[in-house]
Structure formats: structure tokens, C-alpha cells
Undergrad: 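I am attaching a structure below and will ask some questions about it afterwards.
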Amino acid sequence: MNKITLALCLSFILTGCNTTSSDPNTFTSQCRYSELLGDPPLTFTVTSVNEARLDGVICSGSLNAFENMLEHFPSVNTFKIKTIPGSADDETNLALSTVIHANGITTHIMSGGMVASGGTDLFLAGVERTAEDSTPQIGVHSWSSSDGRNGNTIPRDDEEHQSYLDYYQTININPDFYWYTLDAAPADNMHWMTVEEMKYFHVLTK
């Protein structure tokens, strides 16, 4: 990724960069309306030299939005998450989350914030993972196949699991977490992790 120098884009006022928004500090995922069904797309809002706020649903344009943000603001190393309720494009989500981890970015759930489903996968990409609340809202559930089967009904040696297992290995999360999510709740429901579960799977690093 080509990165321009900090001096070109940052004077802490954070103005003057081309973005996908009228606000030069905001980078919004460009996604099809049919993906989101009216939900807001994932948006990266640069709030300081080193931080950006994240909010919205991960979709097909989210990796491009991230890369655009990082090109203009290469010193951003912390994502403060308000609400990421899920992903409309799991393939993009895993690619985005892998790149977030590779860039050494820290993830933090803000007070009253929430991550769930694909949003949890993105949160786990942080090399350091923290939360403002003592019991943050972190939701997990099974994915479902195109024919409506829940992931936990598909044999464990099926190749459909491999992209997720590879992802968790890449971000240094025990693959047991993946199997746990499949059993925690069906695709049309959500399980909110307990503090004990978060500790067991090392969801938070501090």
C-alpha cells in the first residue's frame, strides 16, 4: 500500500485529504444497498493523529475504505469501536480483519459499544484488545450456508470451515474459539459472551 507522509494529511485538524465523504476525515464503505438492507455501512472516522472511530456494518467496500483511510492517515494505530453489529460480506470481513492485524492495529470497544458476529471477528484482529466497560457486549453465533444449514451441522473436516480456521490462526486466537461460536447460538440468534468466556478465550488482552 502506498502511504503519503503524515505531514501531507495531518496537522491534527485533519483536513485536506480526498475521501469518499464530504468530511475529509471520514471513510465510508461503498456498498450495495441490497447488502445492507438499510443498515449503515462501516465507516472509519479519523479523530486524532493515531485514532479512528468505527461504526456500521462490514460490507464489500469496507476493505477499500480501510485502505483509503490508511493511505491518507498512515499513523492511525487504534480503532475505537462504537457499534459493529455484523458483516454483510464474510469474505471481505476476513480479508479486512487480516490486514488490520498485519498493520499492528489495536482495537477498543467504547463505553456502551457493541460488536457481534463479523464485528467480533474484526475486534479480535486487534494486536491489543481492550474495552471501556467491564462487561462489554460481544456477540457470537454460527454462520449459515447458502442452503440454510448452520455451521455446526457441517462436518468439521469440511473445507467450508478452513477460511475461518486459517483466520483465527493468523490472528493468534485458539481455533477452539471458532468451534465455540458455532455452538453458542444458531445463525438467527446471538449469544452474548460472559466475562468468564472472554477470559477463557483471551478475547481481551488487558
Side-chain angles (χ1 to χ4, degrees), residues 1-6 9-10 12 14 17 19 25-29 40-59 62-87 90 92-140 164 166-175 177-178 181 192-193 195 197-206:
M1 178 186 304
N2 295 321
K3 297 179 181 178
I4 61 177
T5 61
L6 181 62
C9 269
L10 279 175
F12 190 73
L14 303 176
C17 299
T19 73
N25 310 323
T26 299
F27 300 81
T28 300
S29 304
L42 183 66
T43 297
F44 302 82
T45 303
V46 179
T47 56
S48 75
V49 170
N50 301 119
E51 295 181 352
R53 187 178 68 248
L54 273 61
D55 201 21
V57 174
I58 303 156
C59 53
S62 294
L63 178 58
N64 288 340
F66 166 78
E67 291 176 337
N68 194 16
M69 180 213 68
L70 206 60
E71 181 178 356
H72 288 91
F73 299 104
S75 66
V76 169
N77 58 20
T78 300
F79 283 164
K80 292 198 168 182
I81 298 170
K82 187 58 179 177
T83 301
I84 306 181
S87 167
D90 289 344
T92 296
N93 184 34
L94 294 183
L96 167 61
S97 299
T98 298
V99 174
I100 288 172
H101 184 80
N103 276 273
I105 291 173
T106 290
T107 51
H108 174 81
I109 301 174
M110 299 168 65
S111 178
M114 178 270 282
V115 295
S117 188
T120 298
D121 290 330
L122 185 149
F123 172 70
L124 290 172
V127 293
E128 297 289 341
R129 301 178 297 274
T130 58
E132 201 157 336
D133 296 330
S134 58
T135 308
Q137 290 191 74
I138 300 177
V140 295
Y164 297 95
D166 290 345
Y167 169 67
Y168 287 120
Q169 182 176 17
T170 298
I171 65 170
N172 301 312
I173 295 292
N174 190 322
F177 178 79
Y178 170 67
T181 66
W192 300 102
M193 297 186 72
V195 171
E197 289 169 332
M198 293 179 204
K199 289 179 178 177
Y200 182 81
F201 289 109
H202 304 289
V203 168
L204 303 177
T205 58
K206 293 182 182 179

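Please read these numbers as outputs of a predicted model, since none were measured by experiment.
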Undergrad: Over all heavy atoms of both residues, which pair between I109 and P136 is shortest? Give the atoms and the distance, please.
TA: CD1-CB, 4.3 Å
Undergrad: Run F66 and L42 through side chain to side chain contact (heavy atoms under 4.5 Å, CB included) and show every step you take.
TA: CA-CA 9 Å; F66 166 78; L42 183 66; over 6 Å; no
Undergrad: Taking the ring centre of each residue, are F44 and F79 less than 6.0 Å apart?
TA: yes
Undergrad: Please determine whether the number of non-hydrogen atoms from other residues, nucleotides or ligands lying under 6.0 Å from atom CZ of R129 exceeds 12.
TA: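 Yes, the 6.0 Å shell around CZ holds more than 12 heavy atoms from other groups.
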Undergrad: Begin from the C-alpha positions of L122 and N93 and carry the test side chain to side chain contact (heavy atoms under 4.5 Å, CB included) through to its verdict.
TA: CA-CA 7 Å; L122 185 149; N93 184 34; 4.1 Å; yes
Undergrad: Taking atom types as modelled, find out whether D90 and Y164 have a side-chain donor-acceptor pair closer than 3.5 angstrom.
TA: yes
Undergrad: Considering non-hydrogen atoms only, spot the tightest contact between S75 and V49 and give its length.
TA: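 Nearest pair, atom of S75 first, then V49: OG-O, 2.6 Å.
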Undergrad: Report the distance from atom CG of D55 to atom CD1 of I84, rounding to the nearest 0.5 Å.
TA: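 The CD1 atom of I84 is 7.5 Å from CG of D55, to the nearest 0.5 Å.
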Undergrad: Indicate the ring-plane relationship of Y168 and F177, choosing parallel, tilted or perpendicular according to the 30° and 60° boundaries.
TA: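 Rings of Y168 and F177: perpendicular, as their planes differ by over 60°.
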Undergrad: What's the shortest heavy-atom distance between S111 and K82, and which atoms?
TA: O-NZ, 3.1 Å
Undergrad: May I ask you to decide if I138's main-chain N or O and T120's side chain share a donor-acceptor pair within less than 3.5 Å?
TA: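 No.
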Undergrad: For the pair D133 (side chain) and G112 (backbone), establish whether a donor and an acceptor sit closer than 3.5 Å, ignoring hydrogens and angles.
TA: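 Checking the backbone N and O of G112 against the side chain of D133, a donor-acceptor pair under 3.5 Å is found.
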Undergrad: Report the distance from atom CG of N64 to atom CD of E71, rounding to the nearest 0.5 Å.
TA: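 Rounded to the nearest 0.5 Å, the CG-CD separation comes to 11.0 Å.
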Undergrad: Please test Y178 against D121 for side chain to side chain contact (heavy atoms under 4.5 Å, CB included), starting from the C-alpha separation and ending with a verdict.
TA: CA-CA 10 Å; Y178 170 67; D121 290 330; over 6 Å; no
Undergrad: Just checking, any donor-acceptor pair under 3.5 angstrom between side chains of E128 and T205?
TA: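 Judged by distance alone, the side chains do pair up.
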Undergrad: Is it the case that more than 12 heavy atoms not belonging to Q169 sit under 6.0 Å from its CD atom?
TA: no
Undergrad: Rounded to the nearest 0.5 Å, what separates atom OH in Y167 from atom CG in L124?
TA: 6.0 Å
Undergrad: Do you know which two heavy atoms are closest between C59 and S29, and how far apart they sit?
TA: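 Residues C59 and S29, closest heavy atoms: SG-CB, 3.7 Å.
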Undergrad: Nearest heavy-atom pair of W192 and E197: which atoms, and what distance?
TA: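 Of all heavy-atom pairs spanning W192 and E197, the closest is O-OE1, 4.3 Å.
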Undergrad: One pair to check against side chain to side chain contact (heavy atoms under 4.5 Å, CB included): I173 and F201. What are the steps and the verdict?
TA: CA-CA 8 Å; I173 295 292; F201 289 109; 5.9 Å; no
Undergrad: Determine whether a donor-acceptor pair (N or O, by modelled atom type, separation under 3.5 Å) exists between the side chain of N103 and the backbone of V99.
TA: yes
Undergrad: So which atom in V76 and which in L70 form the shortest heavy-atom distance, rounded to 0.1 Å?
TA: O-CD1, 4.0 Å
